[in-house]
Amino acid sequence: MSIQTALVIGGGIAGPVTATALRKAGIDARVYEAYPGPAYNIGSGLGFQPNGLAALDVIGAGDVVREIALPIRHQVMSFGDKQIRLPATGDGEPLQSVERSDLHRVLHDFAVTAGVPFEYDKRLIGVDENRDSVTAHFADGSSATADVLIGTDGVKSLVRTLIDPDAPGANYTGLLGFGAAVESPIEVEPETMYFTFGKHAYYLYSALPDGRIGWGANLPSKKYMTLSEARAVPNEQWLRTLAEVYGEDTPGGDIVRRIRPEQLQVIGGLHIMPPVPNWHRGRMVLVGDAVHAPSNSTGQGASLAVESGIQLARCLRDFDDPATAFAVYEQIRRPRVEKIAARGARTNHAKAPGPLMRRIMPVMMPIVFRSAKVAETLRREIAYSIEWDAPVDERAELARL
């Protein structure tokens, strides 16, 4: 018997996309979100790669993201007063910079237009499975039953621990995230992202269409802080800390000193998922950050989540039983996401370098990023596309990685 219904747990980025793709595959999918409404106010800016847009084009959602995004056609790496322009990775579509809250909004609205129902205040607390179905139980006393349950519930996924109580949790990168859009007179080349290694910490910035500067920082911190804990600290206090860390940098110090408290976006601890041994069990499976959250250094987190949701929908379309569909899905996705995550983990170490590394990096990093091997790796990452109309073929999929 074919798979006809699905419960999607989590309404961030992966949830709406996965549900929309499932409906395109002929599967009735419904999203259950723990928040009381669409989570539009979480996070700051993120990079959306060409492969992510190509995946969204499969379900017809690419253009709604392009409309809210800023194309980044040039990338510059800075070390103090030394700037190195990074080579282009191809002639195709550029990286897009987008606000996470805007991305949540347009993907949610697109899914609703596509016929995906959303239910809110549905915090998952447990699951019952039998041979023919799976039932989700929520904190409000309600429940829902379907053929399969898909966990798109982020790095702190409950579905991951229901699949495997011994599953690893997300690792803290040692960095706290911050962002802002600020008025600043510094000259910034349009459609250019500056990745800057300051005297004490890493930050990035770019020009926004309205004339402001979009700024993001990865602040080294031995103490991990959740989003709630970080936001409990007054923004004025955070700005004093940021001014101490970035104050000697050019233009980082000028940007930070111009940020008003109400402009500061506090993100809290940044995470990276280690390899997850079990992506699925029975009628449950994981998608997106719940199973493969790479470091933000990759710029691929959202794009990989979108890819995985659509590839899972293809597998559930083409295989009648969940066990086979989930196994094939993992087989075609695990090599790609873990390779990119490993690259991000290596890059992440450079964001909080010690004194010796700070002296070596201006010489070493340009050589690394200009190498033919690195350029080809990045080119292949963003050239990835999903052949929706073709039947899923494991060997063909792996050959394209």
Side-chain angles (χ1 to χ4, degrees), residues 3 5-25 27-35 37-40 42-43 46 48 52 55-56 58-59 61 100 103-112 114 116-125 127 134 136 138 144 146-164 167 169-170 271 273 276 278-294 300-316 322 325-326 329-330 333-334 337 386:
I3 299 160
T5 57
L7 310 177
V8 179
I9 307 299
I13 293 173
V17 171
T18 303
T20 304
L22 287 168
R23 291 189 70 85
K24 182 177 176 68
I27 297 169
D28 182 12
R30 183 179 296 262
V31 176
Y32 295 83
E33 168 58 52
Y35 280 94
Y40 293 162
I42 294 177
L46 59 83
F48 210 79
L56 286 180
V58 170
I59 59 171
R100 182 178 292 271
L103 184 62
H104 280 211
R105 173 178 53 81
V106 298
L107 293 179
H108 165 272
D109 293 351
F110 186 87
V112 170
V116 175
F118 283 72
E119 295 197 24
Y120 297 102
D121 279 320
K122 298 295 181 182
R123 185 171 298 280
L124 184 72
I125 59 172
V127 166
V134 56
F138 302 103
D147 295 329
V148 295
L149 183 146
I150 301 166
T152 61
D153 48 344
V155 294
K156 297 182 180 180
S157 172
L158 175 61
V159 179
R160 184 173 64 241
T161 60
L162 293 174
I163 289 173
D164 177 6
H271 303 89
M273 278 300 301
V276 174
N278 298 302
W279 284 33
H280 57 90
R281 178 180 63 80
R283 292 179 173 271
M284 297 187 290
V285 67
L286 299 169
V287 169
D289 284 359
V291 68
H292 55 67
Q300 281 283 5
S303 295
L304 291 180
V306 165
E307 288 179 2
S308 288
I310 294 171
Q311 289 287 41
L312 175 62
R314 288 181 70 215
C315 292
L316 290 170
F326 294 163
Y329 157 71
E330 179 181 353
R333 290 303 294 164
R334 184 186 282 272
V337 302
I386 297 171

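Worth saying up front: this structure is predicted, and the values here are computed from it rather than measured.
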Q: Can you check whether Y329 reaches V287 side chain to side chain, under 4.5 Å on heavy atoms?
A: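 A side-chain contact exists here, since the closest heavy-atom pair is under 4.5 Å.
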Q: Can you name the closest pair of heavy atoms from L7 and A136 and give their distance?
A: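 Of all heavy-atom pairs spanning L7 and A136, the closest is CD1-CB, 3.8 Å.
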Q: Give a yes or no answer on whether the side chain of R160 reaches the backbone of V155 with a donor-acceptor pair at less than 3.5 Å.
A: yes
Q: Return the CD to CD1 distance between E307 and I386, rounded to the nearest 0.5 Å.
A: 5.5 Å
Q: Distance check, rounded to the nearest 0.5 Å: M284 atom CE versus I163 atom CD1?
A: 5.0 Å
Q: Decide side-chain contact (heavy atoms from CB on, under 4.5 Å) for K122 and V31; before the verdict, give the C-alpha distance in whole Å, the side-chain angles of both, and the deciding distance to 0.1 Å.
A: CA-CA 10 Å; K122 298 295 181 182; V31 176; over 6 Å; no
Q: So, taking the atom named OG1 in T18 and the one named CG in L312, what distance separates them when rounded to the nearest 0.5 Å?
A: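 Between T18 OG1 and L312 CG, I get 6.5 Å after rounding to 0.5 Å.
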Q: Specify the closest pair of heavy atoms between R333 and S308, including all atoms of both residues, with the distance to one decimal.
A: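 Heavy-atom minimum between the residues: NE-OG, 2.9 Å.
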Q: Classify the ring geometry of H108 against Y120: parallel below 30°, tilted from 30° to 60°, perpendicular beyond 60°.
A: tilted
Q: Contact between L22 and I150 at the side-chain level, heavy atoms closer than 4.5 Å - yes or no?
A: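 Of all side-chain heavy-atom pairs linking I150 with L22, at least one is under 4.5 Å.
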Q: Using every non-hydrogen atom in the two residues, find where D153 and S157 come nearest and quote the distance to one decimal.
A: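 Result for this residue pair: OD1-OG, 2.6 Å.
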Q: Would you indicate whether the side-chain heavy atoms of H292 and L286 approach each other to under 4.5 Å?
A: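 No - every pair of side-chain heavy atoms lies 4.5 Å or more apart.
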Q: Within a strict 4.5 Å, meaning less than it, do heavy atoms of the V148 and V285 side chains meet?
A: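 Counting from C-beta outward, V148 and V285 never come under 4.5 Å.
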Q: Can you measure from CD1 (I3) to CG (D28) and round to the nearest 0.5 angstrom?
A: 13.5 Å
Q: To check you understand the geometry: which heavy-atom pair defines the closest contact between A305 and G288, and what is its length?
A: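 Scanning both residues completely, I find the closest heavy atoms to be CB-CA, 3.7 Å.
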Q: Do L56 and F110 come close enough that some side-chain heavy atom pair is under 4.5 Å?
A: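 The answer is no; the side chains never approach within 4.5 Å.
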Q: Quick one: CZ on F48 to CD1 on I13, what's the gap to the nearest 0.5 Å?
A: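 If I round to the nearest 0.5 Å, the distance is 7.0 Å.
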Q: Does any non-hydrogen side-chain atom of P38 lie less than 4.5 Å from one of F118?
A: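 Not in contact.
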Q: Check whether any side-chain heavy atom of R283 sits under 4.5 Å from a side-chain heavy atom of D147, and report yes or no.
A: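 Counting from C-beta outward, R283 and D147 do come under 4.5 Å.
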Q: Closest heavy-atom contact between G15 and T152?
A: CA-OG1, 3.4 Å
Q: With rounding to the nearest 0.5 Å, note down the distance linking CG in D109 to NE2 in H104.
A: 12.5 Å
Q: Passes side-chain contact (heavy atoms from CB on, under 4.5 Å), F138 versus L124? Steps please.
A: CA-CA 4 Å; F138 302 103; L124 184 72; 4.1 Å; yes
Q: Tell me whether R281 at atom CZ has more than 12 heavy atoms from other residues, nucleotides or ligands lying less than 6.0 Å away.
A: yes
Q: What is the minimum heavy-atom distance between A313 and A25, and which atoms define it?
A: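 Nearest pair, atom of A313 first, then A25: O-CB, 3.8 Å.
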